[in-house]
Protein chains: 2
Amino acid sequence: MQEDEVVTDVRSGAGRTPSRAVEQALVDAAERVLVRDGLGAVTVRAVATEAGVAPMGVYNRFGSKDGLIAAVLVRGFDGLRAAVTEDADPDPIARLLASGRNYRRFALAQPQHYGAMFGGRPLPTEGADELVAYAAAAFEALVDHVRHAMARGALREQDPTETAQLIWSSVHGAVSLELGGAVLTPDPAVTYESLLHLLVDGLRRPPP
Amino acid sequence: MQEDEVVTDVRSGAGRTPSRAVEQALVDAAERVLVRDGLGAVTVRAVATEAGVAPMGVYNRFGSKDGLIAAVLVRGFDGLRAAVTEDADPDPIARLLASGRNYRRFALAQPQHYGAMFGGRPLPTEGADELVAYAAAAFEALVDHVRHAMARGALREQDPTETAQLIWSSVHGAVSLELGGAVLTPDPAVTYESLLHLLVDGLRRPPP
DNA sequence: CAGAACAGTAGGACGACGTTATACAAGAGG
DNA sequence: CCTCTTGTATAACGTCGTCCTACTGTTCTG
């Protein structure tokens with residue numbers, strides 16, 4: 001934790017520290033436990049057992065339980081960014097709609113990840129910088145789509161961050177409520193689709 | 001827990017059980033601890049100490065820690081309903097906008113409550129019925145505003161629940177992200193105002 | 001090639017948590 | 001007056017996150 005230890009060379013994989021594999025195994029195990037048993041079941045002992053290492057390994061590698069969870073959430077944010085980025089339809093509006101649908105699909109497919117990413121209150125302090133960077137990258141992907149749409153004249157020109165924030169707020173709220181079982185309409189998918197169209201229609205460039 | 005014990009009469013307040021006061025004291029204490037130290041600090045022992053009773057009182061009165069927290073959240077949802085209901089401007093659109101602003105004001109004024117109401121994942125099982133009822137009442141207040149606006153011809157006619165769900169999703173998402181420090185625009189209040197207008201404009205009855 | 005220095009591991013221990021079991025005090029019914 | 005129910009208080013159990021101590025294997029120096 002003091003300062004970066006300069007590793008002179010990489011040693012072709014399993015050289016200096018044979019424990020980079022342990023690091024990977026711990027994150028894998030934590031992710032498995034998270035998906036299988038929920039965030040509450042992600043305990044240091046359970047993850048260490050699942051990974052086949054001693055509980056102390058968590059503290060050697062990640063500093064604390066929060067550091068380990070942060071490593072898992074980094075993967076989550078990266079997956080979210082990938083979901084938002086894929087299906088880059090050339091048509092700007094189609095691309096935005098696809099991003100919104102993929103956002104929801106990701107959240108419903110990885111509800112435990114999504115809940116831990118946005119529901120768990122105090123974001124882990126350990127490894128928070130990396131976490132924020134990955135979260136910002138996911139948001140930036142959305143901003144890029146907005147910029148693309150504005151450049152093509154498909155969305156009203158204004159600060160892209162402002163517009164992206166509006167979209168993210170609405171989309172996150174809808175997904176968050178749906179995961180919490182608080183969507184009271186008969187078909188959440190239909191309501192979500194209405195929301196997406198409400199957003200893009202409202203943000204469209206008004207006809208000349 | 002078996003079945004409803006029929007209390008023959010009310011006994012003018014402090015009759016049969018002198019512990020209704022203890023119940024009140026525990027909820028008050030839990031609320032104080034929640035506001036002062038956050039949800040994580042709401043432990044059975046801490047609340048009992050704050051209320052000046054033994055930890056067992058929590059289990060006698062509420063069955064579990066979750067039951068106690070549910071009692072606190074009932075107050076929270078009631079406050080949220082009150083916030084959404086107040087300022088019932090006769091103009092439907094003004095009323096909707098005021099509700100949205102009051103919703104955010106409530107969340108920012110009671111961030112710990114709001115976080116526990118929507119952020120804490122497994123909603124407490126104990127007293128869940130009452131909790132759901134109060135949450136539904138808050139949502140129903142919004143549905144009423146939407147119905148009022150539709151009846152006056154200010155909003156496009158469709159299922160009011162559907163429309164209210166759209167509004168709630170967006171508003172909750174914005175507030176939730178703001179409480180989590182994830183609003184990346186310079187002035188969250190301005191962005192929130194944009195969101196409110198985007199919603200009401202998009203839901204307005206199109207000109208004839 | 002031998003010994004020193006050291007990062008990483010293993011296991012147990014500490015305090016705090018939610019919860020439960022056991023023993024005790026106080027008011028209602030006969 | 002005795003009994004029985006009801007609620008309280010104390011102490012304990014198991015698990016959690018975290019830390020301390022002893023130990024092992026590797027890496028560098030001579």
Side-chain angles (χ1 to χ4, degrees), chain A residues 1-26 29-30 33-34 37-72 120 122 124-127, chain B residues 1-2 5-9 11-12 14-26 29-30 33-34 37-72 120 122 124-127:
Chain A
M1 212 60 67
Q2 326 265 27
E3 44 187 340
D4 301 56
E5 313 169 13
V6 178
V7 181
T8 47
D9 59 358
V10 184
R11 267 352 145 90
S12 74
R16 183 83 160 73
T17 84
S19 44
R20 192 56 58 93
V22 172
E23 201 167 313
Q24 186 89 359
L26 276 172
V33 174
L34 173 67
D37 305 320
L39 183 59
V42 180
T43 71
V44 172
R45 287 171 175 84
V47 172
T49 301
E50 176 91 17
V53 304
M56 262 309 275
V58 173
Y59 296 92
N60 293 328
R61 300 274 142 231
F62 301 96
S64 69
K65 178 194 173 186
D66 282 347
L68 171 61
I69 291 185
V72 176
T125 55
E126 206 83 20
Chain B
M1 212 63 67
Q2 325 265 28
E5 314 168 13
V6 178
V7 181
T8 48
D9 60 356
R11 271 347 148 92
S12 76
R16 185 83 161 70
T17 84
S19 44
R20 192 57 57 91
V22 172
E23 201 167 314
Q24 185 90 358
L26 276 172
V33 174
L34 173 67
D37 305 319
L39 183 59
V42 180
T43 71
V44 172
R45 288 171 174 82
V47 171
T49 301
E50 176 90 16
V53 305
M56 262 308 276
V58 172
Y59 296 92
N60 293 327
R61 301 273 140 231
F62 302 96
S64 71
K65 177 193 173 185
D66 282 347
L68 171 60
I69 291 184
V72 176
T125 55
E126 205 84 21

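Because only heavy atoms are used, hydrogens play no part in the values below, and waters and symmetry mates are left out as well, while side chains stay in. A note on names: the letters A, B, ... follow the listed sequences, proteins ahead of strands, and every chain is numbered from 1.
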Next on the checklist: With a 4.0 Å cutoff (strictly under), does any side-chain N or O of N60(B) reach OP1 or OP2 of dT6(D)?
Outcome noted: no
Mind calculating the distance between [atom1] ([X]) and [atom2] ([N]) to the nearest angstrom?
X      : N       : atom1 : atom2 : value
L26(A) : dG8(C)  : CG    : C1'   : 13 Å
K65(B) : dC16(D) : NZ    : P     : 15 Å
R61(B) : dT19(C) : CZ    : C1'   : 18 Å
F62(A) : dC19(D) : CZ    : C1'   : 19 Å
D37(A) : dT15(D) : CG    : C1'   : 16 Å
E23(A) : dT9(C)  : CD    : P     : 10 Å

Distances under 3.5 Å only, N/O to N/O: pair up the protein atoms with those of nucleotides 20-27 of chain C.
none

Item to check | Heavy-atom side-chain contact between L68(B) and V44(B) under 4.5 Å | outcome: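 Answer no - side chains too far apart.
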Checklist entry - Can you list the residues that meet the side chain to side chain contact (heavy atoms under 4.5 Å, CB included) rule with V72(B), with sequence neighbours excluded? => result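 With neighbours one apart ignored, the set is V27(B), A30(B), E31(B), L34(B), H113(B).
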Item to check | side-chain hydrogen bond (donor to acceptor under 3.5 Å, both in side chains) pairs, two or more places apart, involving residues 37-57 of chain A | outcome: R32(A)-E50(A), R36(A)-E50(A)
Give every donor-acceptor pair under 3.5 Å between a side-chain atom in residues 53-60 of chain A and any protein atom, sequence neighbours left out.
unit_1	atom_1	unit_2	atom_2	d
N60(A)	ND2	M56(A)	O	3.4

Next on the checklist: Which heavy atom of L26(B) sits nearest to which heavy atom of A51(B), and what is that distance?
Outcome noted: CD2-CB, 3.9 Å
Item to check | Minimal non-hydrogen separation, A46(B) against A41(B), with atom names | outcome: CB-O, 3.8 Å
Checklist entry - Of all of residues 42-52 of chain A, which get a heavy atom below 4.0 angstrom from DNA chain D, listed by number? => result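 Close to the strand are V42(A), T43(A), V44(A), R45(A).
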